[in-house]
A.B. asks: 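I'd like to ask you about the structure that follows.
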There are 2 protein chains.
Amino acid sequence: MVNLENKTAKGIQTQLHIMEVAIGLFKKHGYDNVSVDRIVKESKTSKGSFYQHFPSKSSIFMNRFMELDERYIKIYEELKPQYPTAIERLEAFCYEVLHCIEEDMGKELMRVIYSAAIISNEHTFFTNEDRKLYIILREIIEDGIKDNSIKNIESTYIFYKILVQSILGAIYFWGLQLDNNKLEYLGRPLIKQLIMSIR
Amino acid sequence: MVNLENKTAKGIQTQLHIMEVAIGLFKKHGYDNVSVDRIVKESKTSKGSFYQHFPSKSSIFMNRFMELDERYIKIYEELKPQYPTAIERLEAFCYEVLHCIEEDMGKELMRVIYSAAIISNEHTFFTNEDRKLYIILREIIEDGIKDNSIKNIESTYIFYKILVQSILGAIYFWGLQLDNNKLEYLGRPLIKQLIMSIR
DNA sequence: TATAACATTAGACTACAGTCTGGTCAAAGG
DNA sequence: CCTTTGACCAGACTGTAGTCTAATGTTATA
């Protein structure tokens, strides 16, 4: 998910190197306690290099977050054969997404992303309807209409938006909590209720 | 909702004055284009004064946002006699909340609040279960169980959390959008679906 | 009233995200 | 081979949120 357009091999390497060092420092000391100056110092690069490859400090996390969509595809493919009906797949997939976000990203990263995404117009990833995750969701809903396991919805598009809002809400809610409750555990009731309502 | 503990009358006046000037400047030039330096200059105060009364720039908005809970109480009281059953009250109340947030606060203010709340541990308002809005929600759900208009829920507490996540999600989703779609319009399908599911 | 304790205020100062400028290097086209 | 274009990089610089210190006002209590 690293930006590949007009980048030299060396450039890509630098970008990856900065990213690795930065993520390492964030993990060790926390996002707020690591400055860009320190990142460029420890990675033996410079401010100019950093901002050549990342539009902002938070976009280091954004890069990782965007990569997650590739994982969703794999998750969906693995999960698909396990459930006979689309509605079951939809429910299981949603839980997997929540699980994956917590395990692979972690709360701090998600907090930074959610905090940045809503104030910067730079991040259009969330609103991009061609995002892989969104495509999968719509696909499963479509399947559910076809196999008649999903009923009681106005349209694929509307229910897909309902789901997106719910997932955003569950994650945001989780991000607010200072305790260690699991995202999947917190978000499950909402998803469950929605799934129940379209059965 | 201005912090009253250990404040002199003069202090409160200063706080209110700063708040008025700041909100005025934000409305005129946008939050990001108004610095704290400018606020203290135009309000003829000082940095020291500003941070005596506000823990951060964004908390000016937070103050306003917290005041909104008083409005919710009034809204609920006015709305209460219009609907015979609790489930109808719950649905109507949720829409009113969304409506109110857009009208009284506006998207920019909510963006700033949502962006700040999830990264700063300073803001416990969202997670405080004694928040007026949350009390009202639980009360209506309780009423619904009593008058038997609400069924199919595991418990008041769980469904209340479902609702809170949904409202957060709807607002966050709205905040992400660059267009001018109304919050109430965007969030309505999710609320409707949930209400339907507990009927 | 005197004084201690604390709220208030001013403004210099710090830390840090992000910008800008100027230079180097690699590759592509003539 | 030369030149042009643009990616890459270094580091000085800027703007701004938030801190610190020291002075001043206010209030409660001895």
Side-chain angles (χ1 to χ4, degrees), chain A residues 2-19 21-23 25-26 29-63 111-113 115-117 119-123, chain B residues 2-19 21-23 25-26 29-63 108 111-113 115-123:
Chain A
V2 168
N3 184 15
L4 293 169
E5 327 156 30
N6 302 326
K7 273 198 182 311
T8 64
K10 199 179 157 209
I12 293 171
Q13 222 170 7
T14 306
Q15 182 177 12
L16 286 172
H17 176 61
I18 291 174
M19 195 159 153
V21 171
I23 298 265
L25 288 171
F26 292 156
H29 304 100
Y31 182 81
D32 285 332
N33 299 315
V34 177
S35 65
V36 175
D37 279 314
R38 186 159 170 203
I39 295 169
V40 303
K41 206 172 168 187
E42 302 228 0
S43 64
K44 293 185 179 27
T45 53
S46 66
K47 271 277 177 74
S49 243
F50 185 95
Y51 284 99
Q52 168 76 219
H53 298 295
F54 302 98
S56 66
K57 186 185 172 191
S58 65
S59 67
I60 289 183
F61 278 166
M62 199 63 196
N63 258 355
R111 275 179 176 157
V112 171
I113 287 175
S115 175
I119 41 169
S120 93
N121 296 343
E122 157 207 334
H123 298 131
Chain B
V2 168
N3 183 14
L4 294 170
E5 328 156 30
N6 303 326
K7 270 196 182 316
T8 64
K10 200 178 157 207
I12 293 170
Q13 222 170 6
T14 306
Q15 181 176 12
L16 287 172
H17 176 61
I18 291 175
M19 194 162 155
V21 171
I23 298 266
L25 287 171
F26 292 157
H29 304 100
Y31 182 81
D32 285 331
N33 298 315
V34 176
S35 66
V36 175
D37 278 315
R38 187 160 169 202
I39 294 170
V40 304
K41 206 172 168 187
E42 301 229 0
S43 63
K44 292 182 179 32
T45 54
S46 67
K47 270 278 178 72
S49 247
F50 185 95
Y51 284 99
Q52 167 75 216
H53 299 295
F54 301 98
S56 67
K57 187 186 172 192
S58 65
S59 67
I60 289 183
F61 278 167
M62 200 61 195
N63 258 353
E108 181 173 50
R111 275 179 176 157
V112 171
I113 287 175
S115 176
I118 201 169
I119 41 169
S120 93
N121 296 342
E122 156 208 333
H123 297 130

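Each chain gets a letter, A, B and so on, in the order the sequences are listed, and its residues count up from 1.
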A.B. asks: Using the side-chain heavy atoms of A/Ser46, tell me which of these nucleotides is nearest: C/dA17, D/dA17, D/dC9.
C.D. replies: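 Within the option list, the nearest is D/dC9.
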A.B. asks: Please report the distance, rounded to the nearest Å, between CZ in A/Phe26 and P in C/dC16.
C.D. replies: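 The distance from CZ of A/Phe26 to P of C/dC16 comes to 13 Å, rounded to the nearest Å.
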A.B. asks: Looking only at the side chain of B/Thr8 (C-beta and beyond, no hydrogens), which of the listed nucleotides D/dC9, C/dT8, D/dG18 gets closest?
C.D. replies: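 Closest of the options to the side chain of B/Thr8: C/dT8.
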A.B. asks: Of A/Lys10 and A/Val34, whose closest DNA chain C nucleotide lies nearer the 5' terminus?
C.D. replies: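 Of the two residues, A/Val34 wins.
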A.B. asks: Looking only at the side chain of A/Thr14 (C-beta and beyond, no hydrogens), which of the listed nucleotides C/dA12, D/dC9, C/dT9 gets closest?
C.D. replies: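 The answer is D/dC9.
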A.B. asks: What's the closest nucleotide to the side chain of A/Lys47 if the choices are C/dA7, D/dG11, C/dA12?
C.D. replies: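 So the side chain of A/Lys47 is nearest to D/dG11.
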A.B. asks: Take the protein atom CZ of B/Phe54 and the nucleotide atom P of D/dT16, then report the distance between them rounded to whole Å.
C.D. replies: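 Those two atoms, CZ and P, are 20 Å apart.
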A.B. asks: Mind calculating the distance between NZ (B/Lys44) and C1' (C/dT8) to the nearest angstrom?
C.D. replies: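 Atom-to-atom, B/Lys44 to C/dT8, this comes out as 19 Å.
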A.B. asks: How many whole angstroms separate atom CZ of A/Phe50 from atom P of C/dA17?
C.D. replies: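 In whole Å, C/dA17 P lies 8 Å from A/Phe50 CZ.
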A.B. asks: Quickly work out the B/His53 NE2 to D/dG18 C1' distance and round it to whole Å.
C.D. replies: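 One finds 16 Å between C1' of D/dG18 and NE2 of B/His53, rounded.
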A.B. asks: Distance check needed: D/dG18 P versus B/Tyr51 OH, whole Å only.
C.D. replies: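 These atoms are roughly 4 Å apart.
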A.B. asks: Can you tell me if A/Lys57 touches the phosphate of C/dA17, counting only side-chain N or O atoms and a distance under 4.0 Å to OP1 or OP2?
C.D. replies: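 Answer is yes, contact under 4.0 Å.
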A.B. asks: Starting at atom CG of B/Asp37, determine the distance to atom P of C/dA10, rounded to an integer number of angstrom.
C.D. replies: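 Atom CG in B/Asp37 sits about 13 Å away from atom P in C/dA10.
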A.B. asks: Once you round to the nearest 0.5 Å, how far does CG of B/Leu16 lie from OG of B/Ser43?
C.D. replies: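 Going from CG on B/Leu16 over to OG on B/Ser43, the span is 12.5 Å.
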A.B. asks: What nucleic acid atoms does B/Gly48 come within less than 4.0 Å of, heavy atoms only: base, sugar-phosphate, or nothing?
C.D. replies: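 Touches a base.
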A.B. asks: Which class fits the ring pair B/Phe26 and B/Tyr31: parallel under 30°, tilted 30 to 60°, perpendicular over 60°?
C.D. replies: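 Rings of B/Phe26 and B/Tyr31: tilted, as their planes differ by 30° to 60°.
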A.B. asks: Rounding to a whole Å, what distance do you find between B/Ile39:CD1 and C/dG11:P?
C.D. replies: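 Between P of C/dG11 and CD1 of B/Ile39: 17 Å.
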A.B. asks: Does any non-hydrogen side-chain atom of B/Ile60 lie less than 4.5 Å from one of B/Phe50?
C.D. replies: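 A side-chain contact exists here, since the closest heavy-atom pair is under 4.5 Å.
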A.B. asks: Less than 4.5 Å apart, side chain to side chain, heavy atoms only: is that true for A/Met19 and A/His53?
C.D. replies: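 No; the side chains remain at least 4.5 Å from each other.
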A.B. asks: I want to verify a distance call: between C/dG18, C/dC16, D/dG18, whose nearest atom is closest to the A/Ser56 side chain?
C.D. replies: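 For A/Ser56, the side-chain atoms sit closest to C/dG18.
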A.B. asks: Among C/dG18, D/dA17, C/dA10, which is the nearest nucleotide to the side chain of B/Thr45?
C.D. replies: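 Of all the options, the side chain of B/Thr45 is nearest to C/dA10.
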A.B. asks: Toward the 5' end of DNA chain D, which comes first, B/Ala9 or B/Asp32, by nearest nucleotide?
C.D. replies: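 It is B/Asp32 whose nearest nucleotide is closer to the 5' end.
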A.B. asks: Rounded at 0.5 Å granularity, tell me how far NE2 in B/His17 sits from CD in B/Gln15.
C.D. replies: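 Rounded to the nearest 0.5 Å, the NE2-CD separation comes out at 12.5 Å.
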A.B. asks: Between C/dG18, D/dG18, D/dA7, spot the one nearest the side chain of A/Gln52, thanks.
C.D. replies: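 The answer is D/dA7.
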